[in-house]
**Student:** 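Before anything else, here's the structure in question.
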Amino acid sequence: MSTIPTETNLDKLGVRLSAGSVVRTGEPLARHTTLRVGGPAELYVEPALESDLAETLRYCVETAQPFFLLGRGSNLLVRDGGVRGVVICLSRPHFSRVEVVDGGLQCGAGARLKRVAAVARQEGMAGFEFLEGIPGSIGGALRMNAGAMGWAAFDLVARVRIMETSGDVVELDRSEMDVAYRSCASLKGRVVLSVLLRGEAGDPEKIASRMREFEAKRKSSQPTAPSAGCMFKNPATVPAGRLIDELGLKGTCVGAARVSEKHGNFLVNDGGATAADVLGLIELIRDRARRERGIELETEVQIIGQ
Ligand code: EPU
């Protein structure tokens, strides 16, 4: 299938969606990733409502096109050739809401983690503090069971609403889901619509103080330049950042992609980096880790496109 955006695709899907939806051809995904690299999406869709999302998924099935769910693009490396098929982003207001419900928070998949953490603090709900510094959406965080400060997203989950590619909606309890370190098999090929999160009752002042502590730790150990967060999963024997540091690779560049001097597991875009630069740097690091330490580094960041 061609990667050239086709107006025909745009017309066919566009007329099936409500007015608040966004449908574009050839949308540059560098605009939608924190690493600021990546080629265009053949078709890019922001559905306004769940019914629009269902239409989009049915359209993908009918036309045998692949679809990809884009969150805040914070854990994503899009290759320079762009993405074939349909890229769906749940960033419209309906999907970004955070509602206080009996003892928990009901969050749309597109809700920003920073906002979820802020609402939990206001409401005196403890356990959400680690979300404060993760630059993603809750849907994306569940998809990969994102974590920080010893916590992971699924620690908070009570129940998830999910859409199948048929457009049907199912609800799953946390106990029914297959969850592991940085992955959730139960969400593969499905779309998170919303999630009920539960923490524990806590003192808002203590919660705020813990958030400040996490923020200070993050600011002192992680770079602020554009990146995709930690590039590699931590191997069982040594944290990836320490390993890359010990290999003397901090500051190493391929094109405008550089290993951060602040944290070895962060590859930063110095401005104008291409996905090929970042992929070259990944391979250089993996090669050194394999040859010098016998460690096979696995990327945590999702790599898509061609
Ligand atoms: N270290 C070094 N040199 C470095 C970086 C780290 O020696 O350049 C050492 C640290 O001193 C520490 C150890 O390696 O002893 C681990 O480092 P850190 O505490 O920074 O944690 P991490 O395992 O590298 C994990 C998550 C981060 C999360 C932090 C904070 C993974 C792959 N990474 O990092 O998540 O923010 O803990 O809790 O699990 C992400 O997922 O994108 C991410 C950034």
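Order of appearance sets the numbers: ligands from 1, and atoms from 1 within every ligand.
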**Student:** Identify the protein heavy atom lying closest to atom 38 (O) of ligand 1, giving its residue, its atom name and the separation to 0.1 Å.
**Tutor:**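 The closest heavy atom on the protein side is Met149 N, 2.5 Å.
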
**Student:** Can you tell me if Tyr44 and Glu46 form a side-chain donor-acceptor pair at under 3.5 Å?
**Tutor:**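 The answer is yes; a qualifying pair exists.
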
**Student:** Counting from 1, what ligand 1 atoms have a heavy atom of Glu300 closer than 4.0 Å?
**Tutor:**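 Selected atoms, number and element: 31 (C), 32 (C), 40 (C), 41 (O), 42 (O).
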
**Student:** Does ligand 1 have a heavy atom under 4.0 Å from the side chain of Trp151, from its backbone, from both, or from neither?
**Tutor:**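 Trp151 to ligand 1: no contact under 4.0 Å from either part.
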
**Student:** Run the numbers for me: atoms of ligand 1, each under 4.0 Å from some heavy atom of Asp245, listed by number.
**Tutor:**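 Contacts of ligand 1 toward Asp245, numbered from 1: 2 (C), 3 (N), 4 (C), 7 (O), 8 (O).
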
**Student:** Provide, to 0.1 Å, the distance between atom 25 (C) of ligand 1 and the closest protein heavy atom, together with that atom's residue and name.
**Tutor:**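 I find the closest protein heavy atom is Asn234 ND2, 4.5 Å.
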
**Student:** Is the contact between Gln222 and ligand 1 made by the side chain, the backbone, both, or neither, using heavy atoms and a 4.0 Å cut-off?
**Tutor:**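 Looking at Gln222 and ligand 1, just side chain atoms fall under 4.0 Å.
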
**Student:** Taking only heavy atoms of Gly147, which atoms of ligand 1 are found under 4.0 Å from at least one of them?
**Tutor:**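 Answer, ordered by atom number: 35 (O).
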
**Student:** Taking Thr274's backbone N and O only, do any of them form a donor-acceptor pair with Asp80's side chain (distance below 3.5 Å, no angle check)?
**Tutor:**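 No, the answer is negative, given that no donor and acceptor are paired below the 3.5 Å cut-off.
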
**Student:** In plain terms, say whether Glu283 and Arg286 are close enough for a salt bridge, that is, a side-chain N and a carboxylate O under 4.0 Å apart.
**Tutor:**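 Yes, Glu283 and Arg286 are salt-bridged.
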
**Student:** Record the part of Phe232 in heavy-atom contact with ligand 1 below 4.0 Å; permitted values are side chain, backbone, both and neither.
**Tutor:**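 Contact part for Phe232 vs ligand 1: backbone (N, CA, C, O).
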
**Student:** If we count only N and O atoms by modelled type, under 3.5 Å, do the side chains of Asp52 and Ser21 hold a donor and an acceptor together?
**Tutor:**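 On atom types as modelled, these side chains qualify, holding a pair under 3.5 Å.
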
**Student:** Would you say atom 4 (C) of ligand 1 has a protein heavy atom nearer than 4.0 Å?
**Tutor:**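 Protein heavy atom within 4.0 Å of atom 4 (C) of ligand 1: present.
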
**Student:** Identify, for atom 42 (O) of ligand 1, the protein heavy atom at the shortest distance, and state residue, atom and that distance.
**Tutor:**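 For this ligand atom, the closest protein heavy atom is Cys230 N, 2.8 Å.
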
